[in-house]
Enquirer: 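The structure under discussion is supplied below as structure tokens; questions concerning it will follow.
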Amino acid sequence: MTDNTDFRIERDSMGDRQIASNVYYGIQTLRAIENFPISGIKPLPTYVDACIFIKKATAIVNGELGCIPEDISQAIVKATDEILAGKLREQFVVDVYQAGAGTSHHMNVNEVLANRALEILGEDKGNYKRVSPNDHVNYGQSTNDVIPTAIRIGGLLALARTLHPALEKAIAALENKAVEFQDIVKSGRTHLQDAVPVRLGENFRAWAQILSEHQNRIYTASGDLMVLGLGGSAAGTGLNTHPEYRTRVVEVLSELLELPLQPAPHLMAAMQSMAPFVNVSGALRNLAQDLAKISHDLRLMDSGPKTGLKEIQLPPVQPGSSIMPGKYNPVMAEMTSMVCFQVMGYDNAIALAAQAGQLELNVMMPLIAYNLIHSIEILGNTIAALTQRCIEGITANKERCLAYAEGSLALVTALNTHIGYLNAAAVAKESLETGKSLRQIVLEKGLMSEAELATVLNLEQMSSIVGG
């Protein structure tokens, strides 16, 4: 230690270093800062929360079991509460791309908690003989079991805070639009060509159903995140842990998070396999694929205003061009597509990182942690923004929808069972070549009566089959 007000001296197995007096991280974090000036991307706040919750639970349990002094346990717990309340967030500084398995970030957490606990106890930062990042904050733990647990907890927190609430609101908004637009008939399209008439409301109801099914898939996949390998310590052996620690720490963490967490049946397996993260990421990718498709549909249906479909109007939220006055672009849908593409890319990186583990540990976990939690959060934030600034304000161009439906050659499909497929195809071809209506050609050929046509070519009836 030193009395110098500008820096303190810290020591690790590699030697001594000066640490700025005002920072709460220590020598191992400093080395990581120097070693990994890669992206400038710092740990996600949710990931920090996950790590801090783990450290709170471990401090409580190790204090209860007599593994660390009670006053130190209480000081660590107080420090975790302060950080969870928003303090010292700027002290978590290690780049996402760092030492394998996440040791650098893990020590960043341990050092910040140790130094803040020292202050709470009336000691100077860096007095690790009193409170040690390794011997007290990290007692009975290892990067081997803390980081996989933090990814699980971070994923669960992100889902609860961002994605699931956003999906619920989006589904409700789409259902509301389905009711609002249920009586509007439009032309269906397959292969980007005319298809049979459909209800505009059913388009929105279908999207609501799609998102609802994705939410269920994500709920199912995230169940694996509830199973924790905390207590595995080094290589899943449980070395240096109290016999009761493994079960008790999961109980306390469950209480803190109000989640039904449970210990893994095999600690080494929980440490080695990244399958739970790949599973959740795959469910997110699946959602992103359909969400991108929905955003593309919204852009197509809003295309125009004069030379596109313009069946619906997305709410204009900002000017769309730096040179063309009066132009408004579907920017919320465009942003949604870009986020979806990013999530798909993250999923590929997670899959590659998951298979890159060797023997008792996967050292690519920092990448998995960032990509998984970030995927959840940007999807949730995107869906929330799309709902509020786009879906809720969509209006329909009823006249344009009806004109397309009435002018669609696909109406001839309804004639199949009455005049046969080949006759119907001939009618459609003549209509396209001559500009005559389907109705006129059928009557001229004597294929059906006026009364029969009025019944068969009833747009309301044709488009009401799905919606009822």
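Computed over heavy atoms, backbone and side chain alike; hydrogens, waters and symmetry mates excluded. Counting begins at 1 with the first residue of the sequence. Quantities reported herein were computed from a predicted structural model and do not represent experimental measurements.
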Enquirer: Which residue pairs pass the ring-ring contact (aromatic ring centres under 6.0 Å, His included) test with at least one member in residues 344-366, sequence neighbours excluded?
Expert: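 Sorted result for residues 344-366: Y346-H374.
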
Enquirer: Kindly give the heavy-atom pair with the smallest separation between A353 and I368, and that separation in Å.
Expert: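 Here A353 and I368 meet closest at CB-CG1, 3.7 Å.
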
Enquirer: Can you list everything that forms a side chain to side chain contact (heavy atoms under 4.5 Å, CB included) with S437? Sequence neighbours excluded, please.
Expert: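 Only R439, Q440 meet the side chain to side chain contact (heavy atoms under 4.5 Å, CB included) criterion with S437.
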
Enquirer: Is there any salt bridge (Lys or Arg N to Asp or Glu O under 4.0 Å) pair reaching into residues 327-355, and which pairs are they, with sequence neighbours excluded?
Expert: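 Qualifying pairs: R285-D347.
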
Enquirer: Taking all non-hydrogen atoms of both residues, which atom of V93 and which atom of N108 are closest, and how far apart?
Expert: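 Answer, listing the atom of V93 first, then N108: N-OD1, 2.9 Å.
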
Enquirer: Before giving the answer on side-chain contact (heavy atoms from CB on, under 4.5 Å), spell out for Q182 and R205 the whole-Å C-alpha distance, their side-chain angles and the decisive distance to 0.1 Å.
Expert: CA-CA 9 Å; Q182 188 58 33; R205 184 165 287 111; 2.8 Å; yes

Enquirer: Taking atom CG of L192 as the centre, report whether more than 12 heavy atoms of other residues, nucleotides or ligands fall under 6.0 Å from it.
Expert: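 No.
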
Enquirer: So, for S408 and D194, which heavy atoms are closest and what is the spacing to 0.1 Å?
Expert: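 Looking at all heavy atoms of both residues, the shortest contact is OG-CB, 3.3 Å.
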
Enquirer: Pairs in or reaching into residues 37-57: which pass salt bridge (Lys or Arg N to Asp or Glu O under 4.0 Å), with residues at least two apart or in two chains?
Expert: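 Checked against salt bridge (Lys or Arg N to Asp or Glu O under 4.0 Å) - neighbours excluded - the pairs reaching residues 37-57 are D49-R89, D49-R161, K56-D81.
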
Enquirer: Return all side-chain donor-acceptor pairs below 3.5 angstrom for residues 218-233, not counting sequence neighbours, or 'none' if the list is empty.
Expert:
residue, atom, partner, partner atom, Å
T220, OG1, N216, O, 3.0
S222, OG, I218, O, 3.1
S222, OG, Y219, O, 2.9
S233, OG, L239, O, 2.7

Enquirer: For T387, what residues pass the side chain to side chain contact (heavy atoms under 4.5 Å, CB included) criterion, not counting sequence neighbours?
Expert: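 Result, side chain to side chain contact (heavy atoms under 4.5 Å, CB included) vs T387: A170, A173, I383, I391, E392.
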
Enquirer: Quick one: which residue pairs count as a ring-ring contact (aromatic ring centres under 6.0 Å, His included) with a foot in residues 287-343, not counting sequence neighbours?
Expert: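 Counting only pairs at least two positions apart or across chains, no ring-ring contact (aromatic ring centres under 6.0 Å, His included) contact touches residues 287-343.
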
Enquirer: Might you confirm whether atom CD of E90 has over 12 heavy atoms from other residues, nucleotides or ligands at distances under 6.0 Å?
Expert: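 Yes, CD of E90 has more than 12 neighbouring heavy atoms, counting only those of other groups under 6.0 Å.
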
Enquirer: If you look only at pairs with a residue in residues 410-462, which of them pass as a ring-ring contact (aromatic ring centres under 6.0 Å, His included), with sequence neighbours excluded?
Expert: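 As it turns out, there is no ring-ring contact (aromatic ring centres under 6.0 Å, His included) pair with a partner in residues 410-462 once direct neighbours are skipped.
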
Enquirer: According to ring-ring contact (aromatic ring centres under 6.0 Å, His included), who are the partners of F181, at least two apart in sequence or on a separate chain?
Expert: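 F204.
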
Enquirer: Answer whether the closest heavy-atom distance between the side chains of T336 and L298 falls below 4.5 Å.
Expert: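 No, side chains not in contact.
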
Enquirer: For the residue pair E452 and S449, what are the closest heavy atoms and their distance?
Expert: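 Scanning both residues completely, I find the closest heavy atoms to be OE1-N, 2.9 Å.
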
Enquirer: Is any side-chain heavy atom of L200 less than 4.5 Å from a side-chain heavy atom of N203?
Expert: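 They are in side-chain contact.
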
Enquirer: Does I83 reach the side chain of L113, with side-chain heavy atoms less than 4.5 Å apart?
Expert: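 They are in side-chain contact.
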
Enquirer: So, does R199 use its side chain to make a donor-acceptor pair with the main chain of E460 at under 3.5 Å?
Expert: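 Between the backbone of E460 and the side chain of R199 there is a qualifying donor-acceptor contact (under 3.5 Å).
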
Enquirer: Which donor-acceptor pairs under 3.5 Å do the side chains of residues 260-275 make with protein atoms, sequence neighbours left out?
Expert:
residue, atom, partner, partner atom, Å
H266, ND1, M268, N, 3.4
H266, ND1, A269, N, 3.2
S273, OG, A275, N, 3.1

Enquirer: Report yes if the side chains of M335 and T382 come closer than 4.5 Å at any heavy-atom pair, otherwise no.
Expert: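 The answer is yes, as the side chains (C-beta and beyond) meet within the 4.5 Å cut-off.
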
Enquirer: When you measure from the side chain of S187 to the backbone N and O of P197, does any donor-acceptor pair fall under 3.5 Å?
Expert: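 Not a single qualifying donor-acceptor pair exists.
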
Enquirer: Tell me the salt bridge (Lys or Arg N to Asp or Glu O under 4.0 Å) pairs involving residues 408-432, sequence neighbours left out?
Expert: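 Output for this query lists E430-K445.
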
Enquirer: Please verify the inter-ring angle class for H105 with Y47; under 30° counts as parallel, over 60° as perpendicular, anything in between as tilted.
Expert: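 Parallel: the ring planes of H105 and Y47 meet at under 30°.
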
Enquirer: Counting only N and O atoms by type, is there a donor-acceptor contact under 3.5 Å from the side chain of N144 to the main-chain atoms of A235?
Expert: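 Yes; judged by distance alone, with no hydrogens or angles, the pair exists.
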
Enquirer: For a 4.5 angstrom cut-off between non-hydrogen side-chain atoms, does M462 reach L411?
Expert: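 When only atoms from C-beta onward are counted, L411 and M462 do touch, with a gap below 4.5 Å.
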
Enquirer: Applying salt bridge (Lys or Arg N to Asp or Glu O under 4.0 Å), which residue pairs with at least one partner in residues 299-312 are found, sequence neighbours left out?
Expert: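 Counting only pairs at least two positions apart or across chains, the salt bridge (Lys or Arg N to Asp or Glu O under 4.0 Å) contacts touching residues 299-312 are K186-E311, R189-E311, D302-K310.
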
Enquirer: A side-chain contact here means heavy atoms from C-beta on lying under 4.5 Å apart; do Y245 and T58 qualify?
Expert: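 Yes, their side chains come closer than 4.5 Å.
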
Enquirer: Less than 4.5 Å apart, any side-chain heavy atom of H214 and any of L167?
Expert: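 Not touching, per the 4.5 Å side-chain cut-off.
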
Enquirer: Under 3.5 Å, side chain of Q98 to main-chain N/O of D95, donor-acceptor pair present?
Expert: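 Yes, Q98 side chain to D95 backbone: donor-acceptor pair under 3.5 Å.
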
Enquirer: Keeping T241 on the side-chain end and G140 on the backbone end, is there a donor-acceptor pair under 3.5 Å?
Expert: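 No, the answer is negative, given that no donor and acceptor are paired below the 3.5 Å cut-off.
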
